[in-house]
Amino acid sequence: MKAESYTTFKGYPSIYGELTSNIDFCEANFQYNSYLAEPMNTISCIFYILLSLHFIYNVKKYTHSFPYNFRFYLVGLLATLLGIGSAFLHATLTRWAQYTDELPMTYVMMMSIWVMIFQYDDWNINNNLFKMIVTCFLLFISLGQTIAMIWYPNSYFLFFIIFTSMVLGACCLEIKLFYFNGNVTFIYNNTINNNNNNNTINNNKDVENTIQLGKVVDKAINDQQPEQLNDDNEIEKIKNNVRYCYSLYFCSFLFAFIVWLIDFQACPYVYPFQLHSIWHLFTALAAYQKGVCLHYLTLIHHGVKNVHVIRSGFGLVPYVVMGKNIE
C-alpha cells in the first residue's frame with residue numbers, strides 16, 4: 001500500500017524504495033536528500049531519547065538503593081526505544097519502521113498500567129494468582145496487538161483504536177484514584193500500617209533484601225526504620241506532589257493530542273508550523289512526567305522516608321529524591 005502524502009511536493013527519490021507506511025505526516029517527503037523522508041519529524045524524536053535517559057539517570061542517582069527500580073529502568077528503556085523507532089519511521093516511511101514506532105508506544109502504555117496497578121494493597125496485589133492474571137492479560141494484549149498490526153493491512157487504524165482506548169481508560173482510572181476517592185490518603189495510611197508491622201519484623205540487620213511486596217521496606221533503602229508519616233501536613237504534601245506530577249502529565253498529553261488533531265485535520269493551513277514535532281516534544285514530556293508520578297507513588301507506598309519531588313526545568317521536568325540525596 002503506497003502512502004498518501006499530505007503535500008504535493010515531489011522530493012528526492014527514496015533510497016528505501018516504495019513508501020509502504022500506511023500513514024504519512026504533514027511534512028514534505030525527502031525535500032533535502034534521499035535519506036530522510038521527514039527531517040524535522042525525525043530530529044524531534046530526540047526528545048523521547050533525551051528525556052528517557054534523563055529519567056533513568058535520576059532514578060539511578062537519587063533513588064539507587066530502592067529495590068524496585070528495575071521497573072522504572074524498563075519503562076525508560078522502552079521510551080528510549082520508542083524514540084529510536086519513531087525516528088526510523090519518519091526517516092523512511094516504510095511499513096516495518098512503522099511497527100518500531102507504534103508497538104513501543106503500546107508497550108510503554110502497558111508497562112505504565114502494570115506499574116500503576118501494582119501500587120495498591122487494597123487491590124489484593126499480594127495475591128500471586130492476581131499478579132499472574134493481570135500480568136498475563138497485559139502481555140496477551142501486547143502480543144495480540146503486535147500480531148494483529150503485522151497481519152492487518154490498515155495497521156495504523158488498529159493502533160489508533162487500541163492506543164486511544166488504553167490512554168482514555170488509564171486516565172479515567174487515575175483521575176478517579178488521585179482526585180476523587182482519597183486513594184493517596186489510603187496509600188499514606190497503609191504505609192503507616194506497614195511501618196508498624198516493620199517494628200516487629202525488621203529488627204535484625206541481616207534481614208533479606210527481597211521481602212514481601214508492600215509489607216516491609218527493604219533494608220537496602222536505609223538501615224533505620226522508615227519514619228511514620230502520621231501528620232496531616234505530610235498527607236497534604238503527598239497529595240500535592242502526586243497531583244502536581246499527574247497534572248503535568250495530563251496537561252502535556254492533552255495539549256499534544258490537540259496539536260496532533262490540528263496537524264492531521266488542517267495540514268494545508270498549519271504546514272509551516274511543524275506541529276507533529278510539537279507532538280513529539282509534549283508526548284515525550286508526558287511520558288517522563290507520568291514516570292516521575294509513578295516513581296514517587298511507589299516510593300511512598302513502600303514506606304520510604306523523606307521523599308521529595310524536585311521541580312526542575314521550569315517545573316516541567318521534575319524528579320524524585322529520597323533520603324539524604326537532596327543537593
Side-chain angles (χ1 to χ4, degrees), residues 23 45 48-49 51-53 55-56 59 68-86 88-89 96-120 123-125 127-152 155-178 213 245-246 249-250 252-254 256-257 260 279-280 282-298 301:
I23 184 66
C45 293
Y48 294 114
I49 299 172
L51 285 170
S52 298
L53 294 178
F55 176 74
I56 294 174
V59 171
Y68 301 105
N69 275 338
F70 176 77
R71 64 186 67 180
F72 299 106
Y73 295 144
L74 182 57
V75 168
L77 176 61
L78 288 173
T80 302
L81 294 177
L82 166 61
I84 296 172
S86 184
F88 186 34
L89 168 63
W96 287 103
Q98 185 176 350
Y99 300 146
T100 66
D101 172 62
E102 295 170 358
L103 290 176
M105 291 179 69
T106 301
Y107 302 152
V108 169
M109 179 55 63
M110 286 293 184
M111 187 64 191
S112 70
I113 293 174
W114 186 89
V115 173
M116 171 61 66
I117 287 176
F118 288 107
Q119 300 301 310
Y120 308 108
W123 289 11
N124 196 27
I125 68 168
N127 185 299
N128 289 330
L129 178 62
F130 174 79
K131 292 181 185 180
M132 184 178 68
I133 291 174
V134 171
T135 302
C136 288
F137 175 76
L138 293 175
L139 288 174
F140 175 78
I141 295 296
S142 300
L143 180 61
Q145 185 184 6
T146 301
I147 296 173
M149 286 181 63
I150 295 174
W151 185 268
Y152 186 55
S155 61
Y156 183 78
F157 174 76
L158 179 65
F159 159 75
F160 178 81
I161 295 298
I162 295 177
F163 183 77
T164 303
S165 299
M166 288 192 301
V167 170
L168 291 177
C171 282
C172 291
L173 174 63
E174 290 155 357
I175 290 173
K176 179 178 184 297
L177 290 175
F178 297 155
L213 183 63
C245 293
Y246 190 79
Y249 155 74
F250 184 84
S252 294
F253 192 86
L254 179 62
F257 185 69
W260 181 86
W279 154 267
H280 285 165
F282 279 89
T283 50
L285 280 171
Y288 175 90
Q289 292 155 353
K290 187 168 186 179
V292 171
C293 182
L294 294 176
H295 189 207
Y296 179 75
L297 274 173
T298 303
H301 179 68

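This chain uses plain numbering: 1 for the first residue, then up along the sequence.
With S52 contributing its side chain and I49 its backbone, the two residues share no donor-acceptor pair below 3.5 Å.
Every residue two or more places apart in sequence or in another chain that forms a side-chain contact (heavy atoms from CB on, under 4.5 Å) with S252 is listed here: F282, L285, A286, Q289. Scanning for side-chain contact (heavy atoms from CB on, under 4.5 Å) contacts around A284 gives F47, Y48, L51, with sequence neighbours left out. The side chain to side chain donor-acceptor pair (under 3.5 Å) check on T146 picks up Y107, with sequence neighbours excluded. A search for side chain to side chain donor-acceptor pair (under 3.5 Å) contacts involving S86 returns D101, not counting sequence neighbours. Every residue meeting the side-chain contact (heavy atoms from CB on, under 4.5 Å) condition with F163, not counting sequence neighbours, appears here in chain and number order: M105, M109, F159, M166, V167, F253. Contacts of F250 classified as ring-ring contact (aromatic ring centres under 6.0 Å, His included), with partners at least two apart in sequence or in another chain: none. Considering only residues two or more places apart in sequence or on other chains, F257 meets the ring-ring contact (aromatic ring centres under 6.0 Å, His included) condition with W260. By the side-chain contact (heavy atoms from CB on, under 4.5 Å) test, I161 is found to be paired with F157, S165, residues two or more places apart in sequence or in another chain being considered.
Contacts classified as side-chain hydrogen bond (donor to acceptor under 3.5 Å, both in side chains) and involving residues 132-144 (residues at least two apart or in different chains) are given here: W114-T135. Screening residues 285-294 for salt bridge (charged side-chain N to carboxylate O under 4.0 Å, His left out), with sequence neighbours left out, gives E174-K290. For residues 159-171, the set of pairs meeting the salt bridge (charged side-chain N to carboxylate O under 4.0 Å, His left out) definition, not counting sequence neighbours, is empty.
For M116 against L294, the heavy-atom pair with the smallest separation is CE-CD2, 3.2 Å. When every heavy atom of A256 is checked against every heavy atom of T283, the shortest pair comes out as CB-CG2, 3.7 Å. Nearest approach of Y99 to P104, heavy atoms of both residues: O-CD, 3.5 Å. Closest of all the heavy-atom pairs between L158 and M149 is CD2-N, 3.9 Å.
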Show every donor-acceptor pair shorter than 3.5 Å between a side-chain atom in residues 73-83 and any protein atom, with sequence neighbours excluded, or say none if there are none.
residue, atom, partner, partner atom, Å
T80, OG1, G76, O, 2.8

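Y249 has its ring centre less than 6.0 Å from the ring centre of Y246.
To the nearest 0.5 angstrom, I141 atom CD1 is 10.5 Å from T106 atom OG1. Separation of atoms CD1 (I147) and CD (Q145) is listed at 11.0 Å; rounding is to 0.5 Å. Between atom CG of residue L103 and atom CG of residue L143 there is a gap of 10.5 Å, rounded to the nearest 0.5 Å.
Between F72 and H295, the ring planes are tilted. Angles from 30° to 60° get that label.
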